[in-house]
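For ligands, and for the atoms within them, numbers begin at 1 and follow the listed sequence.
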Amino acid sequence: MKHPLGGPVADLDSITVPTHLLPADGRFGSGPSRVRPAQMQALAEVGTSVMGTSHRKAPVKDLVRRVREGLTELFALPEGYEIVLGNGGSTAFWDSATFALVREKAQHLVLGEFSSKFAAETTAAPHLSDPSIVRAEPGSAARASVEEGVDVYAWPQNETSTGVMLPVERPNGAGDDQLVLVDATSAAGGVAVDLTQADAYYFAPQKSFASDGGLWIAALSPAAIARAEEIESSARWVPEFLSLTAAIDNSRKNQTLNTPAIATLVLLAEQIEWILAQGGLAWADARTRATSGLLQEWAARREEVSPFVTDPSARSQVVTTLDLVDDVYGAGIADLLRKHGIVDIEPYRKLGRNQLRIATFPSVPESDVQALIEVLDHVLDALRNDG
Ligand SMILES: *Cc1c(COP(=O)(O)O)cnc(C)c1O
């Protein structure tokens with residue numbers, strides 16, 4: 001029997017992983033990602049007094065305030081920047097930006113599934129010119145370069161589908177009227193950043209922030225806020241749900257335009273405060289470097305495994321993508337591990353590679369990564385002896 005990439009399907013069914021090798025927590029997904037037990041505890045304790053109560057009253061508004069103040073501290077928010085939030089996840093923010101931040105034309109770096117989705121929106125929008133698209137092969141990086149006529153530059157800090165990480169730095173020579181929009185959905189909270197280099201640094205809470213999905217959060221610069229006000233007072237129709245000025249107004253009152261998922265806010269506030277208590281963003285950045293580093297060192301040790309991202313400087317600290325040789329069947333290994341409670345290490349579904357994708361968000365301790373590596377060693381050694 002052969003697997004889709006040509007190698008034999010090894011006899012994975014005969015392999016059992018000894019229980020003592022297993023990590024304490026087997027969730028290594030790239031989003032939704034593991035929620036720490038202490039967050040669930042807080043939801044049970046703190047949550048009961050706010051769940052099922054009005055989002056226009058103090059208890060829920062206080063949660064939103066905790067989130068906004070916590071993020072202000074975590075990101076050392078520059079003067080004049082504001083933390084704004086709304087419903088619909090990062091996908092909704094792409095549409096908000098398409099209506100309320102892109103004036104005429106965007107430049108997108110497209111290096112995988114997530115970055116291509118935002119580019120598809122500004123391409124389809126009838127009120128915008130076709131964007132300028134700078135493409136990179138999946139697994140490699142691209143860089144924005146200054147272009148006349150462009151009023152928004154857009155790229156992901158971490159392209160979650162491929163495990164490529166890009167710097168957050170204004171393109172050299174970019175004008176004051178050219179905004180930088182960074183999709184930080186999987187990077188925010190796990191990777192260091194200097195927010196003066198972006199005008200909209202936006203994310204959703206189900207990755208490094210270990211919460212549930214459904215919200216978007218953005219750190220907006222004064223220039224981004226001014227752009228939204230300019231566009232939304234022009235003749236362009238902007239749907240109310242996607243209005244950034246409405247989101248800004250509501251956020252200033254510690255509210256959202258429409259009803260938020262309160263549990264998501266509780267889990268998010270707990271995670272922000274936990275990261276701050278551990279030492280803030282510098283701590284989280286050091287931890288994800290260390291844990292992803294363990295996986296890269298392991299890949300260097302095993303001849304069956306190689307990093308999908310060949311340029312070491314483009315490798316993500318939070319999502320590690322590792323290719324396997326043809327006769328080691330990654331999907332079979334992911335299935336086997338799933339039976340042992342280690343979940344969501346399959347590659348991004350549309351990438352179609354013989355690969356494992358392992359997230360090391362701040363909630364993932366070194367001990368669990370170490371254990372995962374021992375489990376993978378056990379499986380690969382068993383396969384080798386089998387062949
Ligand atoms: C997960 C992810 C998204 C999508 O987030 P939603 O909250 O599901 O809309 C967008 N961009 C990146 C980089 C992501 O990792």
Side-chain angles (χ1 to χ4, degrees), residues 27-35 67 84-99 101 106 108-122 136 138-139 141-142 144 152-168 180-191 193 198 200-219 241-242 247 256 260-261 263-265 267-268 271 288 292 308-309 314-321 344-351 357-364:
R27 291 172 292 177
F28 291 95
S30 296
S33 66
R34 70 168 68 183
V35 180
V67 165
V84 175
L85 69 168
N87 283 310
S90 292
T91 303
F93 189 82
W94 291 327
D95 286 337
S96 269
T98 299
F99 273 99
L101 290 177
H108 293 270
L109 305 189
V110 171
L111 40 144
E113 273 303 314
F114 291 107
S115 41
S116 78
K117 284 181 183 177
F118 186 15
E121 290 307 282
T122 65
V152 154
Y153 298 99
W155 69 84
Q157 187 177 16
N158 185 66
E159 174 49 77
T160 320
S161 66
T162 63
V164 166
M165 211 164 82
L166 301 181
V168 177
V180 170
L181 275 46
V182 174
D183 179 354
T185 307
S186 52
V191 182
V193 69
Y201 184 80
Y202 62 93
F203 50 94
Q206 72 275 20
K207 315 234 169 158
S208 280
F209 287 108
S211 180
D212 222 345
L215 274 184
W216 61 259
I217 299 127
F241 183 66
L242 301 176
T256 45
T264 301
L265 288 168
L267 298 173
L268 171 59
Q271 183 74 350
T288 61
S292 61
F308 173 47
V309 181
R315 284 178 199 155
S316 170
Q317 296 166 228
V318 282
V319 174
T320 300
T321 44
D344 302 335
I345 61 168
E346 291 85 1
Y348 189 78
R349 62 200 143 79
K350 286 193 199 153
L351 198 60
R357 181 177 63 149
I358 300 160
T360 51
F361 294 129
S363 296
V364 179

Identify the protein atoms, limited to N or O, that lie within less than 3.5 Å of an N or O atom of ligand 1, and list each pair with its distance to 0.1 Å.
residue, atom, partner, partner atom, Å
ligand 1, 7 (O), S90, N, 3.3
ligand 1, 7 (O), Q206, NE2, 3.0
ligand 1, 9 (O), S90, N, 3.3
ligand 1, 9 (O), T91, N, 2.9
ligand 1, 9 (O), T91, OG1, 2.5
ligand 1, 11 (N), D183, OD1, 3.4
ligand 1, 11 (N), D183, OD2, 2.7
ligand 1, 11 (N), T185, OG1, 3.4
ligand 1, 15 (O), T160, OG1, 2.4
ligand 1, 15 (O), K207, NZ, 2.8

With no hydrogens and no angle check, is any side-chain donor or acceptor of S33 less than 3.5 Å from a backbone partner on K207? yes
Please name the residue in the list W216, F241, F203, F114 that meets the ring pair (Phe, Tyr, Trp, His ring centres under 6.0 Å) test with F93. W216
Does any part of the side chain of F308, heavy atoms only, come nearer than 4.5 Å to the side chain of P138, both counted from C-beta? yes
Please check this pair: side chain of S90 against backbone of T185, looking for a donor-acceptor N/O pair closer than 3.5 Å. no
Any side-chain to backbone donor/acceptor pair from R27 onto V364? Under 3.5 Å, distance only. no
Residues which pass salt bridge (Lys or Arg N to Asp or Glu O under 4.0 Å) with D344, listed by chain and number, not counting sequence neighbours: R338
